[in-house]
There are 2 protein chains.
Amino acid sequence: MNLTINKFHFDSDKVGLNRFFGPLEAKIMDILWSGSEKSIKEVQHILEKEKAINFNTVMTVMNRLVDKNLLVKRSEGRKSLYSPVKTKEEFMQEQSKKLTENLLDEFGGLVVNHMLDSLDKVDQSLLERLEQKLTQLKKEKS
Amino acid sequence: MNLTINKFHFDSDKVGLNRFFGPLEAKIMDILWSGSEKSIKEVQHILEKEKAINFNTVMTVMNRLVDKNLLVKRSEGRKSLYSPVKTKEEFMQEQSKKLTENLLDEFGGLVVNHMLDSLDKVDQSLLERLEQKLTQLKKEKS
DNA sequence: TTTTTACACTACAATATGTAATGGAAGGTG
DNA sequence: CACCTTCCATTACATATTGTAGTGTAAAAA
C-alpha cells in the first residue's frame with residue numbers, strides 16, 4: 001500500500017514557486033502575478049475553479065503574504081485590493097540571482113558543470129550571449 | 001526596539017547546507033562529511049565545542065537523518081556508527097544539478113544572465129571549460 | 001553487583017502553512 | 001428604519017518540520 005513510505009524522504013524536488021512558497025501561497029502569488037490587483041473574493045473565485053476553498057483561508061494566506069512583504073493591500077472603500085510588490089519577473093530575477101550566486105559561491109565548479117550540461121537545452125540566443133560574455137571576460141583578464 | 005520586525009520577512013537567504021537542512025542538521029551533516037563514520041557521542045563532543053548540547057538531541061536528529069536516507073547507521077556491538085549515504089560532493093552535485101536544471105527550466109534566460117554576471121568571480125579553468133563546451137555546442141548545432 | 005554508557009521511546013516547544021469559525025462593520029434593499 | 005448580505009479582523013486549530021530533552025532499558029565496565 002506504500003503507506004508512509006515517502007514520509008521521510010528528503011524532499012529536494014520542490015519546483016518553481018514551491019521552492020519559495022507553500023502550495024496555496026504559490027497559487028495565490030501566481031494569480032496575482034498574472035493579472036491586475038484583485039480582491040480576496042476574486043482570488044477565491046479563481047481558486048475555486050480547481051477546488052472549493054474557504055474565503056477566510058484565502059484571506060489569511062493573502063494577509064500573511066502582505067506581512068511578508070510580498071503583496072500590498074490597498075483599501076478601496078470597504079474593499080481591499082491586493083497586488084504583488086514586485087512583478088514575477090523581478091521576483092524571479094532576484095531569487096534566481098540569489099540562488100545562482102549562492103550556488104556558485106558554494107559549489108563553484110560543480111554548478112558550472114551542471115549549467116554546462118543543461119546548456120544543450122537552452123536556446124541559441126542564450127548561447128550567443130554566453131559567447132559574448134566569454135569573449136569579454138577574456139579581454140578583461142588579459 | 002525592533003522586536004518582531006523581522007519575524008515576517010520573506011526569508012530567501014538560506015545559504016549552503018541550510019537550504020537543505022535545519023541548522024543542527026546541517027552541522028551534523030558537515031561533521032559526518034568531514035571525517036570518518038562517527039558515533040553519536042563523537043558528534044556530540046564535536047558539537048559541544050561550540051555550545052553544550054544534549055546527547056539525546058544529537059541522537060534524535062541523527063536518527064531522523066537516517067530516516068531521511070541521508071545517513072546510514074551501522075551497528076558495531078552496542079555502538080552505532082553513522083556515516084553519510086553520499087559524499088558531500090555527490091550530494092552537492094545532485095542538489096546543485098536539480099536546482100540548476102529547475103532554474104533553467106523555469107527561468108531560462110534569467111538564470112543564464114545571472115550566471116553570466118557571476119562568472120566574473122569564477123576562476124580561469126571554469127571559463128576554459130565553458131569555452132570548450134560552447135565550441136562543442138556550436139559544432140553540434142550546425 | 002553496582003555503575004555507567006548507549007540507545008529506544010516518547011514528548012514537547014516553536015515555526016510555517018493550510019484551514020476555518022465567529023463576530024463586527026459597511027452598504028444595499030424592502 | 002430594520003434586515004440581510006458582503007467583506008474584513010480576530011482568533012483558533014491542525015499538521016509537518018525541526019530542535020530539545022526526559023525516562024526507561026539493555027549491555028558493558030568497574
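In what follows, every heavy atom counts, from backbone to side chain, and hydrogens, waters and symmetry copies are set aside. Below, chains carry the letters A, B, ... as their sequence lines are ordered, and counting in each starts from 1. Everything quoted here is computed from the prediction, not taken from an experiment.
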Within residues 38-57 of chain B: residues closer than 4.0 Å to DNA chain D (heavy atoms): K51(B), I53(B), N54(B), N56(B), T57(B)
Base dA6(C) to side chain S80(B), donor-acceptor N/O within 3.5 Å cut-off: no
Nucleotide dT17(D), atom C1' - distance to CG of L70(B) in whole Å: 14 Å
P23(B) side chain, from C-beta outward: closest of dA21(D), dG19(D), dT19(C): dG19(D)
Note: E25(A)-K68(A) ion pair, threshold 4.0 Å (strictly below): yes
Near-strand residues of residues 25-34 of chain B, defined as heavy-atom separation under 4.0 angstrom from DNA chain D: E25(B)
Integer-rounded Å distance: dA20(C) P and M62(A) CE: 17 Å
Axis bend over the full length of the helix from dT1(C)-dA30(D) to dG30(C)-dC1(D), computed from five pairs that close each end, to 10 degrees: 20°
Separation of dA6(C) C1' from L81(B) CG (nearest whole Å): 12 Å
Interatomic distance, Y82(A) OH vs dC7(D) P [rounded to whole Å]: 12 Å
Between dT5(D) (P) and R78(A) (CZ): distance, integer Å: 17 Å
Interatomic distance where CZ belongs to R64(B) and P belongs to dA21(D) [whole Å]: 13 Å
N56(B) backbone acceptor or donor facing T60(B) side chain under 3.5 Å: yes
Per K73(B) side chain, nearest of listed nucleotides dT19(C), dA8(C), dA9(D): dA8(C)
L24(A) vs L47(A), side chain to side chain contact (heavy atoms under 4.5 Å, CB included): CA-CA, chis, key distance, verdict: CA-CA 9 Å; L24(A) 181 54; L47(A) 286 170; 4.0 Å; yes
Distance, rounded to the nearest Å, where M59(A) contributes CE and dT19(C) contributes P: 14 Å
Nucleotide dC7(C), atom C1' - distance to CZ of R74(B) in whole Å: 17 Å
